[in-house]
Amino acid sequence: MDQIRLLCLFSIFYVASVVVGIGYANGADDGKSRMSYWNTAFPKSPLPSKAVQELLNLAGETSNTGFGKQALNLAPEIPINNYGSSKEETPAEPDLTTFFQGQDLQQKGKTVTLRLLKPTSNKATLLSRQVAKSIPFSSSKLLEILTYFGVKPNSLAAGLMKQTIEECEAPAIKAEGKYCLTSLESLIDFTVSNLGKDVGVYTTEAETDKKQEYSIETTGVQSIGDKIIVCHKENYVYGVFYCHIFYDRKTKAYTVPLVSADGATKAKAVAVCHMDTASWNPKNVAFRVLNKKPGNTVHVCHFLGTTSLLFVPM
């Protein structure tokens, strides 16, 4: 089994590297052009943090494709992206704080248990737009995609790719716009068209990827907006960001400072709170975790992972 998995991985890395190489060969995806595109799109915005730059590969220093060991060996995360999901999902690690309620952010002494994976747990980088457009991305073309990248149809990698495409194709809920973006240019263009050219970009940053109990430093919690775009990095052979925007402005974002019980480990998390869940599927795992039912006064909050991005107008 391990030998089969290794062969599968080698084929993914080899074929996908050739594809990405096309973008680099024609100069469409070098570091200078990537950062230049970003700066042109957001001329008044502050330079994004180092963590954001690395996540988007703005420097163009690396071109990674394929699945890392963590993506293949860890159980899938709860699909917090797909609020209309009717699947009876269960948490990969039941003792983690997957969902919580808004008042918890102001509750003194409130603790949460998180495993904030390193951003490098998903190293696949976004393609250039020219290359991304040349590769199909749909469930109807799945076999063609797997063949193109040399992925065995019954492999774990194929299952992850199928799951990502299906999540991308699932319908949006009321007042939500959702898109899966496969190039840096398309991600930037989507942000500009919805939020304008003056934006701030946030991601969760942590000092350790070990499971850790944190206390919320309530005095440091800051609201950063209710007109937001959230982009989650998906498990795929190259970079794919599942991005959605909430047009009714009933979703609020916060930065949340966290500190371990001994004070030795800190994290700066980004949290999102959905203030109206009436249009969510009643079977969504969040309601089971919180012992609630959908409603326009039922709040569901969750932390963003270290491979997710949040954009807000400045």
Taking NZ in Lys233 as the centre, count heavy atoms belonging to other residues, nucleotides or ligands within less than 6.0 Å. Is the count above 12? yes
Between Leu181 and Leu187 the two heavy atoms that sit nearest each other are CD1-CA, 3.5 Å
Test item: Thr307 and Leu55 side chains (from C-beta on) under 4.5 Å apart, heavy atoms: yes
With a 4.5 Å cut-off on side-chain heavy-atom distances among I, L, V, M, F, W and Y, is there a chain of contacts connecting Met275 to Val289? no
Check: Leu146 and Lys152 side chains under 4.5 Å, non-hydrogen atoms: no
Which atom of Ser128 lies closest to which atom of Ser183, heavy atoms considered: C-CB, 3.8 Å
For the side chain of Glu169 and the backbone of Ser139, is there at least one donor-acceptor N/O pair under 3.5 Å apart? yes
Can you measure from NE2 (His299) to OG1 (Thr277) and round to the nearest 0.5 angstrom? 8.5 Å
I'd like to know if the side chain of Thr306 reaches the main chain of Leu117, judged simply by a donor and an acceptor atom lying under 3.5 Å from each other, with no hydrogens or angles considered. yes
Test side chain to side chain contact (heavy atoms under 4.5 Å, CB included) applied to Val199 and Thr191, Val192, Ile229, the passing residue: Thr191
When you measure from the side chain of Glu176 to the backbone of Ile173, do you find a donor-acceptor pair of N or O atoms at a distance under 3.5 Å? yes
Where is the tightest heavy-atom contact between Tyr242 and Glu167, given as atom of each residue plus distance? CE1-O, 3.4 Å
Evaluate the side-chain proximity of Lys292 to Gln101: yes if any heavy-atom separation is below 4.5 Å, no if none is. yes
Any donor-acceptor pair under 3.5 Å linking the side chain of Glu207 with the backbone of Lys266? yes
Distance in Å, Leu116 CG paired with Lys268 NZ, rounded so as to fall on 0.5 Å steps: 14.5 Å
Note, Thr113 side chain near Lys211 side chain (heavy atom, < 4.5 Å): yes
Any link between Leu105 and Val259 through a network of hydrophobic side chains (Ile, Leu, Val, Met, Phe, Trp, Tyr) touching at under 4.5 Å? no
What is the minimum heavy-atom distance between Tyr254 and Cys273, and which atoms define it? CE1-SG, 4.0 Å
Can you see which heavy atom on Val112 is nearest to which on Thr97, and at what distance? CA-OG1, 3.4 Å
Just verifying a value: how many Å separate Leu290 CG and Asn284 CG, rounded to the nearest 0.5 Å? 10.0 Å
If the plane angle is over 60° it's perpendicular, under 30° parallel, otherwise tilted; pick one for Phe311 and Trp38. tilted
Do Leu258 and Gln212 come within less than 4.5 Å of each other through their side chains, counting heavy atoms only? no
Run the side-chain contact (heavy atoms from CB on, under 4.5 Å) check on Ile224 and Leu310 step by step: do they pass? CA-CA 10 Å; Ile224 53 176; Leu310 185 139; 3.8 Å; yes
Is it true that Leu47 and Tyr37 fall in one hydrophobic cluster, defined by side-chain heavy atoms closer than 4.5 Å? yes
Output the distance between atom NZ (Lys197) and atom OG1 (Thr40), rounded to the nearest 0.5 Å. 7.5 Å
For the residue pair Phe303 and Phe100, does the interplanar ring angle fall in the parallel (under 30°), tilted (30 to 60°) or perpendicular (over 60°) class? tilted
Measure SG to SG for Cys243 and Cys180 and state whether it is below 2.5 Å. no
Taking Lys178 for the side chain and Pro171 for the main chain, is one N or O donor matched with an acceptor at less than 3.5 Å? no
For the residue pair His244 and His232, does the interplanar ring angle fall in the parallel (under 30°), tilted (30 to 60°) or perpendicular (over 60°) class? perpendicular
Between Ser215 and Thr111, is there a donor-acceptor pair closer than 3.5 Å when you use the side chain of the first and the backbone of the second? no
Please test Phe99 against Phe287 for side-chain contact (heavy atoms from CB on, under 4.5 Å), starting from the C-alpha separation and ending with a verdict. CA-CA 9 Å; Phe99 300 97; Phe287 301 118; over 6 Å; no
Within the structure provided, determine whether Leu304 and Thr204 are in side-chain contact (heavy-atom separation under 4.5 Å). yes
For a 4.5 angstrom cut-off between non-hydrogen side-chain atoms, does Leu58 reach Leu184? yes
Within the supplied structure, the quantity of interest is the number of heavy atoms (other residues, nucleotides, ligands) at a distance under 6.0 Å from Asn291 CG; does it exceed 12? no
Considering only heavy atoms from C-beta outward, does the side chain of Leu195 approach that of Lys227 to under 4.5 Å? yes
Under the 3.5 angstrom rule, does the side chain of Asn39 hit a backbone N or O of Ser36 as a donor-acceptor pair? no
Heavy-atom closest pair, residues Val151 and Ala158: CG1-N, 3.7 Å
Grouping I, L, V, M, F, W and Y whenever their side-chain heavy atoms are under 4.5 Å apart, do Ile165 and Ile135 come out in a common cluster? yes
Hey, what do you get for CZ (Arg129) to OG (Ser134), rounding to the nearest 0.5 Å? 13.5 Å
Is there a path of hydrophobic side-chain contacts, each under 4.5 Å between heavy atoms of I, L, V, M, F, W or Y residues, that connects Tyr148 with Val240? yes
side-chain contact (heavy atoms from CB on, under 4.5 Å), that's the test. Do Arg34 and Asn57 meet it? Break it down for me. CA-CA 8 Å; Arg34 293 172 76 87; Asn57 191 30; 3.9 Å; yes
Would you confirm whether Thr164, through its side chain, and Met161, through its main-chain N or O, come within 3.5 Å as a donor-acceptor pair? no
Distance (rounded to the nearest 0.5 Å) between Glu185 CD and Lys133 NZ: 9.5 Å
Run the side-chain contact (heavy atoms from CB on, under 4.5 Å) test on Thr218 and Lys110 for me, step by step, so that the C-alpha distance in whole Å, both residues' side-chain angles and the decisive distance to 0.1 Å come before the verdict. CA-CA 9 Å; Thr218 55; Lys110 177 66 178 180; 5.8 Å; no
